[in-house]
**Q** 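Please find one structure pasted underneath; my questions will follow.
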Amino acid sequence: MKKLFGGINMTWKKVILFAILCGVYTGVMALIPATKDTSFRDISISFEWWILFAILIIVNSKTPLDSALKVFVFFLISQPLVYLVQVPFSPDGFGLFRYYPAWFEWTLLTFPMAFVGHYMKRDKWWGLLILAPMLLFLGFHYLGFFGEAVHFFPNHLLSALFCAVTLIVYPMFIFRDKRIRIAGLILSILILIAASVYGVLDQRSHTYDTSLLSSGGEICAVDYDDSYKVYLEDPSFGDVHIGYEEKIESYLVYASFKKTGDTVLVLEAPTGEKYYYDLSVERDSYTVRKQ
């Protein structure tokens with residue numbers, strides 16, 4: 001691990017090859033349908049892996065300018081490649097590059113951040129002040145992934161574990177001074193504890209709210225109103241209720257899901273007659289059909 005954080009001869013050839021491999025891999029992960037809502041696709045959406053890549057280049061560079069140039073070029077090559085790999089397989093084609101401007105802005109910011117970041121190698125107390133914003137940023141990622149893993153297990157569990165491990169690794173292996181390492185470790189642990197507690201308690205940010213059935217619709221095949229009852233056979237999936245939508249002048253079944261999987265939706269008439277619907281819930285989509 002010590003060799004990884006400062007013992008690599010980070011040549012330009014290695015930086016360029018590293019950028020190509022990371023860009024191609026990320027593009028492939030974004031293409032595979034099976035990676036949807038999993039940790040394997042997170043690399044194409046969020047920053048936790050890219051923080052690691054940038055830090056590895058920074059701590060293995062020779063000077064602040066060397067660090068800034070190599071991190072900048074790494075992102076300048078890898079980020080467009082992510083989209084370029086997807087172009088032949090996407091109906092949007094080159095239209096995918098409409099998502100690139102935001103990443104290009106981050107690419108520009110990598111130059112000053114990597115320049116300053118190189119000073120962490122001086123092993124001074126202010127090096128921890130340079131690292132602290134990255135730890136907080138990583139903690140924010142951990143919060144999101146951990147909350148998803150808790151409420152939609154096992155979605156993003158590996159990403160949550162990755163963030164937790166790297167939060168501990170960075171201060172332990174970037175610095176050599178024992179006091180700085182301990183201070184950094186304490187900061188990382190406090191971030192993990194705070195994010196974990198909030199991730200468990202924050203249910204509102206980790207629900208899937210949607211409408212399921214419209215009264216008299218093709219799937220529903222029942223004209224219902226608010227005199228009907230609706231519920232899930234397995235209430236652990238979340239809550240459902242009937243409401244009136246004025247825009248379409250119809251009653252709808254609304255749902256707030258807390259987990260994914262298969263269950264049955266039951267619509268019960270005032271007379272006691274029941275209608276059953278097979279329901280499959282994913283993180284941000286669902287399928288429903290009448291039995």
Side-chain angles (χ1 to χ4, degrees), residues 30-42 44-46 90-92 95-96 98-99 102 140-141 143-157 159-160 195-291:
L31 280 171
I32 301 175
T35 64
K36 183 182 179 182
D37 294 328
T38 71
S39 299
F40 295 99
R41 187 173 292 192
D42 288 335
S44 68
I45 302 168
S46 51
S90 171
D92 289 338
L96 283 172
R98 67 182 181 275
Y99 300 110
F140 178 77
H141 283 66
L143 168 62
F145 294 137
F146 181 75
E148 287 290 297
V150 168
H151 299 286
F152 289 94
F153 186 83
N155 288 14
H156 306 287
L157 177 61
S159 289
S196 297
V197 172
Y198 188 82
V200 171
L201 298 179
D202 179 32
Q203 296 188 14
R204 187 172 298 180
S205 299
H206 302 286
T207 59
Y208 170 36
D209 300 321
T210 186
S211 58
L212 296 176
L213 296 173
S214 60
S215 178
E218 182 179 351
I219 297 175
C220 180
V222 177
D223 290 311
Y224 65 84
D225 55 30
D226 54 7
S227 66
Y228 280 64
K229 296 178 182 178
V230 66
Y231 56 90
L232 299 171
E233 281 194 350
D234 184 350
S236 67
F237 273 81
D239 303 310
V240 291
H241 69 277
I242 295 173
Y244 186 74
E245 179 57 60
E246 293 185 358
K247 291 182 179 179
I248 61 174
E249 298 182 344
S250 178
Y251 286 94
L252 298 175
V253 173
Y254 293 96
S256 182
F257 294 118
K258 300 177 182 177
K259 70 176 187 178
T260 59
D262 299 321
T263 186
V264 175
L265 176 74
V266 182
L267 187 64
E268 184 176 344
T271 59
E273 186 176 5
K274 296 181 180 179
Y275 305 90
Y276 298 90
Y277 302 85
D278 292 322
L279 177 64
S280 179
V281 182
E282 296 183 20
R283 180 58 184 94
D284 55 6
S285 64
Y286 68 88
T287 55
V288 62
R289 61 187 179 90
K290 196 174 186 299
Q291 289 186 355

**Q** Mind checking side-chain contact (heavy atoms from CB on, under 4.5 Å) for P270 and listing every partner two or more places apart, or none if nothing turns up?
**A** S227, Y228
**Q** Run the side chain to side chain contact (heavy atoms under 4.5 Å, CB included) test on L267 and I242 for me, step by step, so that the C-alpha distance in whole Å, both residues' side-chain angles and the decisive distance to 0.1 Å come before the verdict.
**A** CA-CA 10 Å; L267 187 64; I242 295 173; 4.1 Å; yes
**Q** What is the distance from atom CD of E268 to atom OH of Y275, rounded to the nearest 0.5 Å?
**A** 10.5 Å
**Q** Among L212, T263, V266, V222, whose side-chain contact (heavy atoms from CB on, under 4.5 Å) with Y277 holds?
**A** V222
**Q** How many angstroms lie between atom OH of Y276 and atom CZ of R289, to the nearest 0.5 angstrom?
**A** 16.0 Å
**Q** With sequence neighbours left out, write down each residue that passes salt bridge (Lys or Arg N to Asp or Glu O under 4.0 Å) with R41, or none if nothing qualifies.
**A** none
**Q** Does D278 have any side chain to side chain donor-acceptor pair (under 3.5 Å) partners at least two apart in sequence or in another chain, and if so, which?
**A** Q291
**Q** By side chain to side chain donor-acceptor pair (under 3.5 Å), which residues pair with S39, not counting sequence neighbours?
**A** S159
**Q** Quick check for you: to the nearest 0.5 Å, what is the distance between S44 atom OG and I32 atom CD1?
**A** 10.5 Å
**Q** Supply the atom-to-atom distance T38 OG1 to R283 CZ, rounded to the nearest 0.5 angstrom.
**A** 13.5 Å
**Q** Tell me, please, which residues at least two apart from E246 pass side-chain contact (heavy atoms from CB on, under 4.5 Å).
**A** Y244
**Q** With side chain to side chain contact (heavy atoms under 4.5 Å, CB included) as the test, would you mind laying out the steps for L265 and L213 before giving the verdict?
**A** CA-CA 10 Å; L265 176 74; L213 296 173; 3.6 Å; yes
**Q** Under the ring pair (Phe, Tyr, Trp, His ring centres under 6.0 Å) rule, collect the residues that match up with H156, sequence neighbours excluded.
**A** F145
**Q** What residues form a side chain to side chain donor-acceptor pair (under 3.5 Å) with R98, not counting sequence neighbours?
**A** D92
**Q** Using side chain to side chain donor-acceptor pair (under 3.5 Å) as the criterion, list what pairs up with S196, not counting sequence neighbours.
**A** Y142
**Q** According to salt bridge (charged side-chain N to carboxylate O under 4.0 Å, His left out), does anything in residues 218-230 pair up with another residue at least two apart or in another chain? List the pairs.
**A** none
**Q** Show the nearest heavy-atom pair for residues S46 and H141, with the distance to one decimal.
**A** CB-CD2, 3.5 Å
**Q** Distance-only check: which donor-acceptor pairs under 3.5 Å involve side-chain atoms of residues 247-257, not counting sequence neighbours?
**A**
residue : atom : partner : partner atom : Å
Y254    : OH   : E245    : OE1          : 3.2
S256    : OG   : D209    : OD1          : 2.6

**Q** Got a list of side-chain donor-acceptor pairs under 3.5 Å for residues 230-240, not counting sequence neighbours?
**A**
residue : atom : partner : partner atom : Å
Y231    : OH   : K274    : NZ           : 3.4
D234    : OD1  : S236    : N            : 3.1
D234    : OD1  : S236    : OG           : 2.6
D234    : OD2  : S236    : OG           : 3.3
S236    : OG   : K259    : NZ           : 3.0

**Q** Taking salt bridge (Lys or Arg N to Asp or Glu O under 4.0 Å) as the test, write out the residues that go with K36, two or more places apart.
**A** D284
**Q** I'd like to know if the side chain of Y286 reaches the main chain of T260, judged simply by a donor and an acceptor atom lying under 3.5 Å from each other, with no hydrogens or angles considered.
**A** no
